[in-house]
2 protein chains.
Amino acid sequence: MKTVEAIHNQGGRVTPARRAVISAIVEASGHVSAEEIFSVVHGQSPDIHLSTVYRTLDALEKLGVVEHVHLGHGRAVYHLEDNVHQHLVCDDCGAVLEAPKDLSKQLEQELENRLGFHIRAHHFSILGICKNCYHKKR
Amino acid sequence: MKTVEAIHNQGGRVTPARRAVISAIVEASGHVSAEEIFSVVHGQSPDIHLSTVYRTLDALEKLGVVEHVHLGHGRAVYHLEDNVHQHLVCDDCGAVLEAPKDLSKQLEQELENRLGFHIRAHHFSILGICKNCYHKKR
DNA sequence: ATCTTTGCAAACTTTTTGCACCAAT
DNA sequence: ATTGGTGCAAAAAGTTTGCAAAGAT
């Protein structure tokens, strides 16, 4: 487990709470809020507190294991850093799609050339209306 | 004043508070948080409450006069709907740039063709590192 | 033994809401 | 006179923090 090593290397400690949070994120394999993570973790280990989840997420973020993003309005969601991509978020149904890599690359290039602006791909989010919602009239 | 008419047409009332909020946004001519709007408004009319600002912003949003966006992490910011554009937000210094229109258009087209995803330009925000921050080493 | 992490409770920030009063139409 | 808007205070939602006890190394 790479994550566990990363924690060790930084002088961090591998605790049950941290294991639980990590596996909750891995199992979710998507975009999950702190509370969603908490409810999974808390379901199995009721002694683990919400604030511990937040602190663990913070720690994992510092280690570069997870990343949090604010998709659209509302709370932050976390996802694994190995799954870096750009998010398309439906403003109607909340669906989260991933933008095609080449499209992202292209945009990234152009913004860099023209404005010297360096996209953080993992922090990129576009709101709009997804195919489904668009077709059920709006 | 178009906005005032819009309010009337919906059976809404044009109150001092609403006038104050509207002109605060117009004068700010950028991206302002509810609190920034409040502090301007409150500076001139100390009797106007923060909750009134929020309610007014809500009302104006329903009328399509303003729009709020969550740029990056942190609180919502409001801007006039006539100034629709895509935001580039610097993750370091918080600077907000506007993306070139043609670039946006291109991306918009492609996402539509490929995924059937319809960008809401005004709700679009890209995080990254701006030119300045990028060059002062990172 | 050391020093990080946790549980807990409480604070904080941003936004929303209930209610009685007030004011725009 | 209506009915929508406002002030106020209090709640809600999401996140952070201080502190003493517990646990990983």
Side-chain angles (χ1 to χ4, degrees), chain A residues 1 3-22 24 31-63 65-78 94, chain B residues 1 3-22 24-25 31-39 41-63 65-78 94:
Chain A
M1 243 196 208
T3 302
V4 168
E5 285 167 34
I7 293 175
H8 271 142
N9 291 346
Q10 312 283 323
R13 278 147 206 209
V14 181
T15 64
R18 289 184 170 183
R19 285 186 193 282
V21 170
I22 294 167
H31 310 85
V32 272
S33 67
E35 252 148 81
E36 287 165 335
I37 295 168
F38 171 66
S39 80
V40 170
V41 166
H42 193 255
Q44 303 170 321
S45 319
D47 45 323
I48 295 178
H49 244 251
L50 178 57
S51 61
T52 300
V53 171
Y54 275 109
R55 280 190 279 218
T56 300
L57 289 170
D58 256 31
L60 294 178
E61 200 154 14
K62 262 167 209 141
L63 293 174
V65 178
V66 302
E67 187 77 50
H68 86 275
V69 188
H70 295 262
L71 303 178
H73 320 291
R75 54 188 142 341
V77 293
Y78 293 78
Chain B
M1 244 197 210
T3 303
V4 169
E5 287 167 32
I7 293 175
H8 271 142
N9 291 346
Q10 312 283 321
R13 282 155 201 201
V14 180
T15 65
R18 289 185 170 185
R19 286 186 193 281
V21 170
I22 294 167
I25 300 173
H31 310 84
V32 271
S33 66
E35 253 147 81
E36 287 165 335
I37 294 168
F38 170 66
S39 81
V41 166
H42 192 256
Q44 302 170 321
S45 319
D47 45 321
I48 296 179
H49 244 251
L50 179 56
S51 62
T52 299
V53 171
Y54 274 108
R55 281 190 279 218
T56 300
L57 288 171
D58 255 32
L60 294 178
E61 199 154 15
K62 261 168 210 140
L63 293 173
V65 178
V66 303
E67 186 79 48
H68 85 276
V69 188
H70 295 263
L71 302 178
H73 320 290
R75 53 187 143 343
V77 292
Y78 293 77

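Bear in mind the structure is a predicted one, so any value in this text is a computation, not a measurement. Labels below follow one simple rule: chain letters A, B, ... track the order of the sequence lines, proteins then strands, and each chain is numbered from 1.
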Side chain proximity check, [X] to [Y], heavy atoms < 4.5 angstrom:
{"X": "A/Tyr54", "Y": "A/Glu35", "answer": "yes"}
{"X": "B/Thr56", "Y": "B/Thr15", "answer": "no"}
{"X": "B/Ile7", "Y": "B/Ile22", "answer": "yes"}

Non-hydrogen atoms of [X] and [Y] that approach each other most closely:
{"X": "B/Ile48", "Y": "B/Ala17", "value": "CD1-CA, 3.6 Å"}
{"X": "A/Leu50", "Y": "A/Phe38", "value": "N-CE1, 3.3 Å"}
{"X": "A/Ala6", "Y": "A/Leu63", "value": "O-CD2, 3.9 Å"}
{"X": "B/His68", "Y": "B/Ala76", "value": "CD2-CB, 3.7 Å"}
{"X": "B/His31", "Y": "B/Glu36", "value": "O-OE1, 4.0 Å"}

>> Nearest 0.5 angstrom please: B/Arg55 CZ to B/Leu60 CG, how far?
In response: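 With rounding to 0.5 Å, CZ (B/Arg55) is 14.0 Å from CG (B/Leu60).
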> Which distance, rounded to the nearest 0.5 Å, do you find between the OG1 of A/Thr52 and the CG of A/Asp58?
Replying inline: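 Result: 12.0 Å between the selected atoms.
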[X] [atom1] to [N] [atom2], straight-line distance once rounded to whole Å:
{"X": "B/Phe38", "N": "D/dC8", "atom1": "CZ", "atom2": "C1'", "value": "12 Å"}
{"X": "A/Arg19", "N": "D/dG23", "atom1": "CZ", "atom2": "P", "value": "16 Å"}
{"X": "A/Arg13", "N": "D/dA22", "atom1": "CZ", "atom2": "C1'", "value": "12 Å"}
{"X": "B/Gln10", "N": "D/dT3", "atom1": "CD", "atom2": "P", "value": "18 Å"}

> Looking at DNA chain D, which of residues 45-56 of chain A put a heavy atom within less than 4.0 Å of it?
Replying inline: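 Within residues 45-56 of chain A, the residues near DNA chain D are A/Leu50, A/Ser51, A/Tyr54, A/Arg55.
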> Is there a side-chain polar atom (N or O) of A/Arg75 under 4.0 Å from OP1 or OP2 of D/dG14?
Replying inline: yes
>> On DNA chain C, compare the nucleotides closest to B/Asp58 and B/Thr15; which residue's is nearer the 5' end?
In response: B/Asp58
> Closest nucleotide of DNA chain C for A/Gly12 versus for B/Ser33: which of these residues is on the 5' side?
Replying inline: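 The residue closer to the strand's 5' end, by nearest nucleotide, is A/Gly12.
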>> I'd like to know if the side chain of B/Arg19 and the backbone of B/Val14 have a donor-acceptor N/O pair within less than 3.5 Å.
In response: no
> Using the C1' atoms of five pairs at each end, what's the angle between the two axes of the helix from C/dA1-D/dT25 to C/dT25-D/dA1, to 10 degrees?
Replying inline: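 About 30° separates the two local helix axes.
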> From the 5' end of DNA chain C to its 3' end, which nucleotides mark the outer limits of contact with chain A, defined by a 4.0 Å heavy-atom distance cut-off (strictly under)?
Replying inline: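 Result: C/dC3 to C/dC8.
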